[in-house]
Amino acid sequence: MSYSALDLVRDYAAGQRDFQGIELLQADLQGIHLAGADLRSADFSGANLAGANLRGCDLSFANFSNANLSGADLRGCLLFGTDFRGALLEGALLDHADFDAYTHFPAGFDPKAHRLHNISSGVSQ
């Protein structure tokens, strides 16, 4: 679903939380507040989400490849099958986010150091 950053901000402010499948490739969403939104299967590849508040979002199967998530708040998110390959996660808050064997992190990223929970093994990582 093609969507603009302005549409997203407007609809979220109006109370909408279901944004499944939206496409905001290369979008400038720096500092956006979308806490608790359903962003399953959304495509944010190459987007700037630095400092974004995505706390408690369902980001399952979303594409954040090559996105800037520096300083973003992703605490408590669902990250099942989410693609973070090539993403910048420096300073991102990921405590208590759940991921599985199908989640792809950037090279060298350590889920255990960021206090993520690996659902596929049933062990906190």
Side-chain angles (χ1 to χ4, degrees):
M1 173 195 319
S2 186
Y3 223 71
S4 76
L6 291 175
D7 292 335
L8 180 60
V9 170
R10 180 198 65 227
D11 291 351
Y12 184 88
Q16 182 175 335
R17 295 297 180 267
D18 184 356
F19 300 101
Q20 291 181 60
I22 64 168
E23 297 175 359
L24 285 164
L25 291 72
Q26 307 289 323
D28 185 2
L29 303 168
Q30 185 171 348
I32 196 166
H33 180 92
L34 297 172
D38 184 348
L39 296 165
R40 285 177 287 169
S41 300
D43 192 346
F44 292 103
S45 55
N48 180 6
L49 291 141
N53 182 348
L54 301 173
R55 190 171 186 169
C57 287
D58 188 345
L59 305 175
S60 298
F61 306 103
N63 183 357
F64 290 96
S65 61
N66 300 308
N68 180 358
L69 290 153
S70 300
D73 187 347
L74 296 133
R75 291 176 288 180
C77 287
L78 298 178
L79 306 175
F80 305 128
T82 307
D83 187 354
F84 291 107
R85 288 178 282 204
L88 298 174
L89 291 169
E90 184 177 332
L93 302 172
L94 292 150
D95 307 58
H96 308 295
D98 294 333
F99 72 101
D100 63 10
Y102 303 102
T103 306
H104 298 284
F105 292 107
F109 181 83
D110 180 7
K112 186 175 184 176
H114 288 87
R115 295 186 292 268
L116 278 85
H117 185 247
N118 186 346
I119 297 302
S120 29
S121 71
V123 176
S124 290
Q125 293 222 352

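Keep in mind it's a predicted model, so treat the numbers as computed, not measured.
Not a single side-chain hydrogen bond (donor to acceptor under 3.5 Å, both in side chains) links R55 to another residue, sequence neighbours left out. A search for side-chain contact (heavy atoms from CB on, under 4.5 Å) contacts involving H96 returns nothing, not counting sequence neighbours. Under the rule for a salt bridge (charged side-chain N to carboxylate O under 4.0 Å, His left out), R17 has no partner lying at least two apart in sequence or in another chain. Partners of D28 by salt bridge (charged side-chain N to carboxylate O under 4.0 Å, His left out), not counting sequence neighbours: none found. Taking Q30 as the reference, N48 meet the side-chain hydrogen bond (donor to acceptor under 3.5 Å, both in side chains) condition, with sequence neighbours excluded. For F105, the side-chain contact (heavy atoms from CB on, under 4.5 Å) partners are F84, F99, T103, F109, P111, L116, not counting sequence neighbours. Residues that satisfy the side-chain hydrogen bond (donor to acceptor under 3.5 Å, both in side chains) test with S45, not counting sequence neighbours, are D43. Shown here are the side-chain contact (heavy atoms from CB on, under 4.5 Å) partners of S60, two or more places apart in sequence or in another chain: R40, D58, L78, F80.
Remark: side-chain polar atoms of S41 are not paired, donor with acceptor, to backbone N or O of G21 under 3.5 angstrom.
Side-chain contact between I32 and L49 is present, with heavy atoms from C-beta onward closer than 4.5 Å. In this structure, L8 and I22 have side chains that are in contact, with non-hydrogen atoms separated by less than 4.5 Å. In this structure, L69 and L88 have side chains that are not in contact, with every pair of non-hydrogen atoms separated by 4.5 Å or more. Counting heavy atoms from C-beta outward, L89 and P106 have side chains that approach closer than 4.5 Å.
Going from atom CD of Q16 over to atom CG of D11 covers 4.5 Å, rounded to the nearest 0.5 Å. Distance check, rounded to the nearest 0.5 Å: CG of L79 to NE2 of H104 gives 12.5 Å. Between the CG atom of D100 and the NE2 atom of H117 there is a distance of 12.0 Å, given to the nearest 0.5 Å. Here CG of N63 is found 13.0 Å from CG of L39. Values are rounded to the nearest 0.5 Å. The distance from the CG atom of L34 to the CG atom of L29 is 7.5 Å, given to the nearest 0.5 Å.
Comment: K112 does not engage D110 in a salt bridge, judged by the lack of any side-chain N to carboxylate O separation of less than 4.0 angstrom.
Contact detail for C57 and G36: the closest heavy-atom pair is SG-N, 3.7 Å. When all heavy atoms of A101 and S120 are compared, the closest pair comes out as N-OG, 2.9 Å.
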Exercise. Going through the distances and angles, do H33 and Y12 end up as a side-chain contact (heavy atoms from CB on, under 4.5 Å)?
Worked result: CA-CA 9 Å; H33 180 92; Y12 184 88; 3.5 Å; yes
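For residues 39-62, the pairs satisfying ring-ring contact (aromatic ring centres under 6.0 Å, His included) are F44-F64, with sequence neighbours left out. Note on residues 89-99: pairs passing salt bridge (Lys or Arg N to Asp or Glu O under 4.0 Å), not counting sequence neighbours, are D95-R115.
Hydrophobic clustering (ILVMFWY, side-chain heavy atoms < 4.5 Å, transitive): V9 and L24 are in one cluster.
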